[in-house]
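Some notes on the structure that comes next.
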Amino acid sequence: MGIMSTTAFLELLAREAAAVEFEGPLIAARASGAPPEHLAELEEAKLLALRVRGLLERRRQREMELTGLYDTASDLAGLRDLDAVLHAIVHRARHLLSTDIAYMTLNDEGSGHTYMRVTDGSVSARFQGLRLPMGAGLGGLVAESGTPYATADYFSDNRFRHLGDIDEGVREEGLVAILGVPLRLGSRVIGVLYAANRSARPFAREEVALLVSLGAHAAVAIDTARLLAETQTALEELSAANATIQAHSTSVERAAAAHDRMTSLVLRGGGVEDVSAAVTEVLGGELTVLDVDSIGDLTEAVVASRVAGHAVRRGDTWVAAVVAGTEDLGALVLRPGHELVDADQQILERAALVTALLLLFRRTASEAEGRVRGELLDDLLATPARDPAALRERARRLGVDLDAPHLVVLIGPDTTAGSPSIRSRVTSWAGTYASARSGLAAGRDGKVVLLLPGSDAGAAARAVVRELSRVLGRPVTAGGGGPATGPSTLAGAFHEAERCVSALIALGRTGEGAGSEDLGFVGLLLGAVNGTGQQDVQRFIAGTIGPVVDYDARRGTTLVSTLEAYFGSGGSLARAGEKLHVHVNTVTQRLDRVGQLLGPQWQQPQRALEIQLALRLHRLQSSG
């Protein structure tokens, strides 16, 4: 009967039956007079099948969310029509959050209002034409505070100011539950993205986070469209000026050539290097593109160029600030081969605008790809392993062949401890390093992990240490795991890399990179812990400090950590007490208990050495 009941629920799972259908086998069994033990068995199988169904539903929803964000990033990278991109974002928000309606409002800084920009699922013309004063209604509150707000029942929520015409529009649309998140450009809020239902419902944190991500894409799309319009306007102005004086000035001819060249670069997806080559070809001389961190002595000139909105001259050098909105992206520095006239100066200024646009495109695409790559790596390292076929397909789209041997390199926590800015730099560097090698990188639980093709874990870890140490100007510790082939084996390689990092730190070898095979005796023991020698290592630990470990497990005491502090302090009771933040008498009492458990000879040199080795192995096993 157990096999028959399992088969029935498996068939329901296979055809994605509704939850209510899982009561069918129980109803049928009761109708046939099945004994109570069989009914209990069926009830247990039903609950298990429903849990499996819920897990599959959550995974399916997560895949839909990731696909939606990936598609939105793709739309943004190929932005041509702002309305189409915003409609797609609002439609995806409604679809992914399964709400009755989704809509977007934008702030009108001139009037101090926020107005309806895009709707999906709306049926009320009055609602579609609403304008909200700042601070009024849920949307006005979000627009004013820049903070997400959600209400399960709009009309009974007194956290925001209700106005008659706004409430009438919401009532005419039939909305009850509303979630709103701000559209941010830096510290400035430019609008609000909403998801709403016509019945009461709460919004989960995951739904708020998803809508915030979609709102970030929408803000970038709006700002990118603005930059495109500004650049196009600038290029059109340059073209008109060239047409007026083209017959009379060789400088105008150079401006026209530059205009055509940079327009072509934008249309065919050229890079900053192409802009530099185009300007140098037209104007002659030498052009240097500086990022924000490389401006140095030219800071005053760059600030003057940004404030004036024009290129400025300093000696024999022309400087044009590269700016996107209020954000500084760098500067163009031209040392021309001849004296510049007004039209030549405009070429440099337009080149700065095009450079800002291309840098913004590159950064947006890089951030989107980095998120997708990081999420894939996080799923690959998760346990239990997820759908291997889906993971392979996602990796294939990113140019990663999971069926080839791969290594996992973990950058030690000592590298980024206590410094969010360094952790951010390491994560950014790791993404670029892994992407250049057809790999993946991500931050995971405060650590930075890389997945790289190859078969020598130690060599890969040392290469990461060498390159990253040069970038940071400080020592870096990294452990390697693998090689591993296929999605299901990567989590094991990750844990091996974790144990390697723990071993390097425990052995005092920070600032190094290694795999398990590079760690000598401890490395062999680490391999044994993960391989066929596990029983021998366990037997050694149990025979040496087993009574102390068991005592801690039964009583909830900390004798193991007391032993570690005692040996780590060179046998000093006072220093051990300082490490443990307890009185020296407490340390003495705990060590007396250790002596009762391990015997009076436990501090003899040979015995003490065995105990210290067992403590280190026990710690390495626990950290793995």
Side-chain angles (χ1 to χ4, degrees), residues 410 412-414 417 445 447 477 479 481 492 495-512 514-624:
L410 176 66
D414 59 312
D445 300 329
K447 307 167 187 175
T477 307
H495 294 310
E496 182 183 346
E498 281 189 310
R499 287 191 292 269
C500 283
V501 170
S502 298
L504 287 170
I505 295 174
L507 295 172
R509 292 174 57 181
T510 56
E512 296 183 22
S516 294
E517 295 181 358
D518 302 321
L519 295 179
F521 176 65
V522 173
L524 292 175
L525 290 177
L526 283 173
V529 170
N530 198 36
T532 57
Q534 183 178 7
Q535 294 180 353
D536 294 335
V537 176
Q538 286 294 105
R539 191 179 300 114
F540 174 74
I541 295 173
T544 307
I545 60 171
V548 176
V549 174
D550 293 342
Y551 189 90
D552 276 353
R554 291 195 312 271
R555 304 291 183 88
T557 55
T558 57
L559 297 184
V560 169
S561 60
T562 301
L563 273 175
E564 291 178 332
Y566 174 70
F567 284 120
S569 303
S572 168
L573 297 175
R575 288 199 298 272
E578 291 175 0
K579 283 187 177 182
L580 297 170
H581 305 291
V582 298
H583 195 272
V584 66
N585 292 340
T586 303
V587 178
T588 302
Q589 293 170 4
R590 292 179 182 178
L591 294 180
D592 289 341
R593 175 63 66 185
V594 170
Q596 296 173 14
L597 294 170
L598 300 183
Q601 306 299 319
W602 71 276
Q603 296 189 70
Q604 294 299 317
Q606 182 175 349
R607 179 69 169 147
L609 178 61
E610 292 177 351
I611 291 173
Q612 291 179 67
L613 178 59
L615 287 170
R616 179 163 291 186
L617 290 172
H618 177 66
R619 178 160 41 132
L620 291 174
Q621 279 188 322
S622 300
S623 67

Practice task
Any chance you could measure Gln612, atom CD, to Phe567, atom CZ, to the nearest 0.5 Å?
Solution key: 4.5 Å
Handout entry: Nearest-0.5 Å distance that lies between atom CD1 in Ile611 and atom CD in Gln604
Key = 10.5 Å
Fill in the blank from the handout: Contacts satisfying side-chain hydrogen bond (donor to acceptor under 3.5 Å, both in side chains) that involve residues 560-572 (not counting sequence neighbours) are Thr562-Arg590, Tyr566-Gln603
Exercise for the section: Taking all non-hydrogen atoms of both residues into account, name the closest pair between Gly479 and Cys500 and its distance. Expected result: CA-CB, 3.9 Å
Handout entry: Residues forming a side-chain contact (heavy atoms from CB on, under 4.5 Å) with Leu597, sequence neighbours excluded
Key = Pro547, Val548, Tyr551, Leu559, Arg593
Practice task
Flag the pair Leu563 / Leu591 as yes when at least one side-chain heavy-atom distance between them is below 4.5 Å, and no otherwise.
Solution key: yes
Problem - Partners meeting side-chain contact (heavy atoms from CB on, under 4.5 Å) with Val549 (sequence neighbours left out) - result: Ile545, Val560, His618
Problem - Nearest heavy atoms of Val587 and Val582, plus distance in Å - result: CG2-CG2, 3.8 Å
Practice task
Search all heavy atoms of Ala497 against all heavy atoms of Gly481 and return the closest pair with its distance.
Solution key: CB-N, 3.8 Å
